[in-house]
Amino acid sequence: MEQDSAAEDSVNNDSMDEDENKLSIKEEPDSQDEKENITANLSQASSCDYSMSQFSKTEPAFDDVKVDSNIKEEMDEQDSDEDIPLRSSFHNKSRLASRLSTAKRKMNDSDEDDDDDVPLSARKKMKTEKKKKKKQIMSDMEDEEDYIPKKKKQKKNVFSDDEEEDYKPIKKEKKKIESEEEDYNDLKKKKTAAKKVKKEPKSTVKSEKSEDSSPKKGRKKKEEDQPEVWKWWEEEKKDDGTKWHFLEHKGPVFAPPYECLPSNVKFFYDGEEIKLSESAEEIAGFYAKMLDHDYTSKETFNNNFFKDWRKSMTEKERSKITDLKKCNFKQMHAYFMDIAEKNRSRSKEEKQALKEKNEELMKEYGFCKIDGHNEKIGNFKIEPPGLFRGRGEHPKMGKLKRRLEAEDIIINCSKDSVYPKPPEGHKWKEVRHDPTVTWLASWTENVQNQVKYIMLNPSSKLKGEKDMMKYETARRLHSCIDKIRKEYREDWKSKEMRVRQRAVALYFIDKLALRAGNEKDEDQADTVGCCSLRFEHIELHEKKDDKEYVVVFDFLGKDSIRYYNEVPVEKRVFKNLQLFMENKQAGDDLFDRLNTAIMNKHLNELMEGLTAKVFRTYNASWTLQQQLDLLTNEDDTVAEKILSYNRANRAVAILCNHQRAVPKGHQKSMEKLKEKIEAKKENIRDAERQVKDAKREANNGSVKEKMVYDKKKKMLERLKDQLAKLEIQETDRDENKTIALGTSKLNYLDPRISVAWCKKYDVPIEKIYNKTQRDKFRWAIDMAGPDYRF
DNA sequence: ACGCCGACTTGTAGAGAAGAAG
DNA sequence: CTTCTTCTCTACAAGTCGGCGT
């Protein structure tokens, strides 16, 4: 069959490029073998392993296809980046200029595919320019705007214990607190109980949906009793667009007011001591705290900070302080470090007191009432002011994140609830009653102008329900994935450029679990996903390390994390990519007829509720299940089973490219570990000698010596065990140094798979999920039996 | 049909707590 | 007990995606 398809190739080959350019592609189905090929690939693709290394075999070679020399240069340039750090800006430079050129060319060139739709990038360009202008104007205006100093707050000696006072002091409504005390104790007890009793009973004894929204005294301390959790997943679901009928909460907790520095902490400008005004001092403090962070060595960060800082200054300060380099924050920095140190070395009592205070705050503000149940809130504290820390090369890093007041906050709650009270002398921006959204409070953050929310904890019904639906959608995808895969394979041959691009992009999304890749503004870090891939992000190799048709991806994805992958692809994909890259240069969109809206619209037609990200969920969960089936051994010890689970988890994390920075001191701790292993080996050698000696003596008879011999032998075994453990630890840690398992566990793996696995193989669920995770996945824990299949 | 924005999910860093080792 | 390591949890940035207004 290989021969046949090769034959087909050779027939088409000479003219193929041109053919495809004109997109006058033969309609008739490809040869039988190709079909077989497809099915083979399909079955392999769906058969499980999506982890990087195991991509389907490629088809036979065909003649060289010329690659633009431009392209080659481009590629060579980027070849040298083996050592690019996790987060990097290496793609940034050419972007703007080239985008411009793209657009120009795109607009002038009414090129090959007149029959096709208009390239999106041309329009994109124009819009970008317009936007830029608008942004410029806006930021100009903003610059002129005077900074209005916030009103003074009472000053305190900052060295006092009050420093520790967390957020807004709680008004002592003694009675109330007491009346709830009991309840609270229950909660606390539960907490400790959960900690101590490692083997929680699996299914919690629920308080038969007792409709007491505010739990009363009657509730006695059964440890399993979880007042804030009920079996919502057994309730009938109503789907009328409303998310709740009754919602009541206490409102957000504000950041504590600013306290001035003690007078012995000084600030110098150009060698001269300057007493800063309060507002300027506060912001200087934000910077001083970060002095030993990498951020402060970045130009963008410094510029943005300095600009915003000057806005907060008085006229006099502003005229004096004109150069950040002449600022000396050393004393301030030392002061903050000192405080941090003191905080770290707090006594037990202090820590305890602090903890209690926090718990009280949590108790008061951390819960809300929603449709007859108490639910935990996710983030009930308003974000404190500070300097914006964008990831990667963010153009706005270092800008001041304003302090928020009640006047900035919109409250969402039931009309018939007790509204939260704004702090003394303040008013909410608005109180609304919108049951179609799930947030309790929101505000607009000033750096990026984005809305931020206060929402429920993942353990809540609202979140859990959504989470479950997500996995249900992914499972639905499972039932039609074969059809979809077949379809996009067909589409690689389509006459229409946009269909081909869509099909190839979908292939990447499916196979590599790439993100969709929305367009981004100019004032955000330059990162991409599948649909926004640009010319410079992939390289094509006919042959690489004895693999054929290799595509090398190298780009910065979400959070500016580098995605690097060498993927052998099918011939058709490869040829299509060559086609897409023709007449393009760095900065041009690879898929110029495609964006996420188009992709998702198409996907939705294939299956209701299907979007690009479902593929990530689907492939992650599917991989986990496959890997677990593959790796788990019935007779293994629990520890070994857990190792298998972690391996499966790791496979998923690799698929999803969940990386982390190498932990600080990884190198060092590795060395230490190695030393330890060496020492252990030495010990073992020593012990072996001793055993030998002992044996000799034991042979001479006496009982005592025999005992000594036995002892020594046991010792030796123990040592060997320890060594083995250390070595496992070593490899494990090294493999894990750049891989983050948490994200996939939390967001991509259907918890029911894990739960089922635990139940089937008798692994306690606590070994897999910690307390928070168990809370979040309670629905799955209660719901899935050992036979659950994704 | 497009571009903007609101709502919600996903993602990492880093602080602090807990656990292990010395 | 102290110190170093690992685990847990929070904070908040940065994605996805749908809907709405133009």
Side-chain angles (χ1 to χ4, degrees), chain A residues 86-87 117-118 120 123-124 126-128 130-131 134 195 243 293-294 340 343-346 351 354-355 358 378-384 386 388-392 394 396-397 401 410 412 434 436-439 442 444-445 447-453 455-458 462-463 466-467 470 515-521 524-525 527-532 557-561 595-601 603-604 609-614 616-617 653 656-661 663-666 668-669 672-673 676 729 733 736 740-744 746-748 769-773 775-776:
Chain A
L86 193 56
R87 265 188 234 298
D117 34 359
V118 190
L120 294 167
R123 303 179 193 185
K124 236 182 249 173
M126 287 159 42
K127 128 193 137 192
T128 329
K130 235 190 265 171
K131 216 188 292 172
K134 196 172 122 199
K195 222 178 350 180
K243 308 285 168 67
H293 198 289
D294 280 353
N343 286 179
R344 267 192 297 272
S345 53
R346 276 183 291 237
K351 277 188 183 164
L354 203 66
K355 207 166 146 192
N358 278 333
N379 56 327
F380 57 93
K381 289 174 189 168
I382 295 277
E383 293 177 14
F388 176 77
R389 295 154 88 123
R391 318 260 172 97
H394 197 118
K396 294 196 170 180
M397 65 168 85
K401 230 167 47 156
I410 303 173
N412 193 29
D434 183 353
T436 66
V437 295
T438 64
W439 49 267
S442 76
T444 303
E445 160 261 5
V447 176
Q448 314 221 66
N449 236 278
Q450 289 178 107
V451 192
K452 297 244 183 174
Y453 303 95
M455 288 188 182
L456 295 176
N457 187 279
L462 235 37
K463 294 284 185 190
K466 263 282 216 51
D467 207 34
K470 176 179 77 186
R515 295 189 188 82
N518 282 302
E519 284 172 51
K520 297 181 77 185
D521 283 353
Q524 288 167 293
T527 63
V528 298
C530 186
C531 295
S532 49
K558 182 175 179 180
D559 289 319
S560 294
I561 299 277
N595 64 30
T596 52
I598 294 170
M599 176 63 84
N600 281 332
K601 199 168 152 255
L603 290 177
N604 199 257
L610 185 60
T611 63
K613 83 188 184 87
V614 178
R616 247 167 109 76
T617 314
C656 293
N657 198 39
H658 288 141
Q659 297 196 34
R660 57 172 187 175
K664 250 185 263 170
H666 171 81
K668 217 168 54 183
S669 77
K672 245 184 210 164
L673 201 58
K676 244 157 101 184
Q729 200 188 354
R733 202 194 289 177
N736 256 352
L741 298 186
T743 308
S744 49
L746 227 50
N747 297 305
Y748 287 105
Y769 290 138
N770 65 32
K771 173 80 166 59
T772 353
Q773 293 166 159
D775 280 346
K776 170 167 177 175

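Chain letters run A, B, ... following the sequence lines, proteins first and then strands; every chain starts at 1. The basis for the numbers below is simple: all heavy atoms, side chains too, and nothing from hydrogens, waters or symmetry mates. Quantities reported herein were computed from a predicted structural model and do not represent experimental measurements.
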Nucleotide nearest [X] (side chain, heavy atoms from C-beta), chosen from [options]:
X	options	answer
A/H293	B/dA7, C/dT16, B/dG14	B/dG14
A/T438	C/dC17, B/dT10, B/dC8	B/dC8
A/W439	B/dA7, B/dT10, B/dT9	B/dA7
A/D559	C/dA14, B/dA13, B/dT9	C/dA14
A/K613	B/dA7, B/dT10, C/dA11	B/dT10
A/V437	B/dT10, C/dA14, B/dA7	B/dA7

Taking donor-acceptor contacts at under 3.5 Å, does the side chain of A/K381 reach the base of C/dT10? no
Contacts of A/H394 and A/N379 projected onto DNA chain C by closest heavy atom; the upstream (5') one is A/N379
Starting at the 5' end of DNA chain C, which residue's closest nucleotide do you reach first, A/T596 or A/K401? A/K401
For [X], which contact category applies under a 4.0 Å heavy-atom criterion: base, sugar-phosphate, or nothing?
X	result
A/Q448	sugar-phosphate
A/R344	nothing
A/F388	sugar-phosphate
A/K243	sugar-phosphate
A/N770	sugar-phosphate
A/G529	nothing
A/T743	base
A/G517	sugar-phosphate
A/K776	nothing
A/A612	sugar-phosphate

Would a distance-only check, ignoring hydrogens and angles, find a side-chain to backbone donor-acceptor pair under 3.5 Å from A/N379 to A/M455? yes
Would one find a side-chain N or O of [X] under 4.0 angstrom from OP1 or OP2 of [N]?
X	N	result
A/H658	B/dT10	no
A/T527	C/dG15	yes
A/R616	B/dG11	yes
A/N747	B/dT9	no

Minimal non-hydrogen separation, A/L603 against A/A612, with atom names: CD1-N, 3.5 Å
When the distance from NZ of A/K452 to P of C/dA11 is rounded to whole Å, what number comes out? 12 Å
Could you state the atom-to-atom distance from CG of A/L741 to P of C/dC7 in whole Å? 10 Å
Can you name the side chain to side chain donor-acceptor pair (under 3.5 Å) partners of A/S345, sequence neighbours left out? none
